[in-house]
J.: 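Let me give you the structure first, and then I'll get to my questions.
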There are 2 protein chains.
Amino acid sequence: MRIGELAERVGTTTRTLRYYESRGLLTARRTEQGYRTYDEDDLRLLQQIRTLQDFGFDLEETRPFVDCLRAGHPAGDSCPASIAVYRRKVAELDGLIDRLQAVRAQVGAELLRAEAELPHGPEPRCELGTEWDTEREG
Amino acid sequence: MRIGELAERVGTTTRTLRYYESRGLLTARRTEQGYRTYDEDDLRLLQQIRTLQDFGFDLEETRPFVDCLRAGHPAGDSCPASIAVYRRKVAELDGLIDRLQAVRAQVGAELLRAEAELPHGPEPRCELGTEWDTEREG
DNA sequence: GTAAGCCTTGACGCCGACGTCAAGGCAAGG
DNA sequence: CCTTGCCTTGACGTCGGCGTCAAGGCTTAC
């Protein structure tokens, strides 16, 4: 198949596929006219990349999976290098989630405090509009 | 004080402060020689911005807090517009954390599965090196 | 006098993952 | 023949939050 069909089948754009090729993640055979052609293996490879991308992996982090598939392994994560990326990603996610939860708690606390200090309470009930953003002369 | 001192007191760079000024978040009076000068109010304003930045707020999201302080309010979050930003941020964080936890679970599961399918188990114990990244013929 | 250390404006660089446009080739259908 | 719709390469644009020069001015210390 050609690049347009492949792009459509994985739900992306031709630009993205050419970008992957420029990064060395995807290779293409060519027709006599210079058109890129792909087979089902390329499709699987691409699906692997897209799955990881959806997980938030950087393109570079998908490379071991691609290499693994290219080496003839049944799955992209059949190689230790891919598993190492999984492990790093899990650790990274755990750290990120921890930090975000801490921030969430802090911001939540600030929100409660600020709401409590606001004269008309957490939600305006009887006022048509809040006029707080207009200038007050002191 | 001048820009260098202010930058040092909040732990940032002069470039950052000029950038904030270009975004309209920070204003400066000028000496006869054209040097920017700041007072303690500017310091507090800047500390407000930095605190929010540390929380992961975009610069634009700090604007209501800045406006609030400029309007003479005791804190940057003394205005409904700031509180609205808090609320949006909390919701955004909750959503993000949820998604990240789902991804974490998925990647964790893939990791376990892939480890189980690897012939030599989760951790190489008796082998000096893993030879998996070398080509296999066949 | 001159070097050091502040400051000024302006402008380009960076990162990642593409989007978008330009200018053109090739093939099929009416 | 001409349009339509694929495809090609190349190159510049995007976003945010600055970093990093360049070229120059002011002041202070030696």
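Residue numbers start from 1 in every chain, and the chains themselves are labelled A, B, ... in the order their sequence lines are given, proteins ahead of strands.
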J.: Does one side chain, of A:Arg113 or B:Tyr86, offer a donor that lies under 3.5 Å from an acceptor on the other?
T.: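 There is no such pair (donor and acceptor under 3.5 Å, judged by atom type) between the side chains of A:Arg113 and B:Tyr86.
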J.: Is there side-chain contact between A:Thr27 and A:Arg70, with at least one heavy-atom pair below 4.5 Å?
T.: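 Touching, per the 4.5 Å side-chain cut-off.
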J.: Write down the distance between CG (B:Leu17) and P (D:dG19), rounded to a whole number of angstrom.
T.: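 For the pair B:Leu17 CG and D:dG19 P, the rounded distance is 10 Å.
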J.: Given atom CD of B:Glu60 and atom P of D:dG16, what is their separation to the nearest angstrom?
T.: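 That distance rounds to 8 Å.
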J.: Quick check: does any side chain N or O of A:Thr62 sit under 3.5 Å from a backbone N or O of A:Ile49, one acting as donor and the other as acceptor?
T.: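 Pair absent, no side-chain N/O of A:Thr62 close to backbone of A:Ile49.
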J.: Measure the distance from CD on A:Glu21 to P on D:dC7 and round it to the nearest whole Å.
T.: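 A:Glu21 atom CD is separated from D:dC7 atom P by 13 Å.
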J.: Measure from OH on A:Tyr19 to C1' on D:dA11 and round the result to the nearest Å.
T.: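 My rounded result for the distance is 15 Å.
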J.: What's the CG-P distance between B:Leu52 and D:dG16, to the nearest Å?
T.: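 From B:Leu52 CG to D:dG16 P: 17 Å.
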J.: For DNA chain D, whose closest nucleotide is more 5', that of B:Arg15 or that of A:Arg15?
T.: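 Here A:Arg15 is the residue nearer the 5' end.
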J.: Check for a donor-acceptor pair, side chain of A:Asp58 on one end and backbone N or O of A:Glu60 on the other, with a separation under 3.5 Å.
T.: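 Side chain of A:Asp58 to backbone of A:Glu60: no pair is present.
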J.: To the nearest Å, give me how far apart OH (B:Tyr35) and P (D:dT27) are.
T.: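 Nearest whole value for this atom pair: 7 Å.
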J.: Is B:Arg18 near enough to D:dG17 that one of its side-chain N or O atoms lies under 4.0 angstrom from OP1 or OP2?
T.: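 It does not, given that no N or O in the side chain of B:Arg18 lies less than 4.0 Å from OP1 or OP2 of D:dG17.
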J.: Show every donor-acceptor pair shorter than 3.5 Å between a side-chain atom in residues 91-103 of chain A and any protein atom, with sequence neighbours excluded, or say none if there are none.
T.:
unit_1  : atom_1 : unit_2   : atom_2 : d
A:Glu92 : OE2    : A:Lys89  : NZ     : 3.3
A:Asp94 : OD1    : B:Arg104 : NE     : 2.7
A:Asp94 : OD2    : B:Arg104 : NH2    : 3.1

J.: Taking heavy atoms of chain A and a 4.0 Å limit, find me the 5'-most and 3'-most nucleotide of DNA chain C within that range.
T.: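 Endpoints of the contacted stretch of DNA chain C: C:dA17 to C:dA27.
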J.: State, to 0.1 Å, how close A:Ser82 and A:Gly76 come at their nearest heavy-atom pair, and which atoms those are.
T.: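 In this case the closest contact between A:Ser82 and A:Gly76 is OG-O, 2.7 Å.
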J.: Nearest nucleotide by nearest heavy atom, which residue falls closer to the 5' end of DNA chain C, A:Gln33 or A:Thr12?
T.: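 Of the two residues, A:Thr12 wins.
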J.: How many whole angstroms separate atom CZ of B:Phe57 from atom C1' of D:dG16?
T.: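 B:Phe57 atom CZ is separated from D:dG16 atom C1' by 17 Å.
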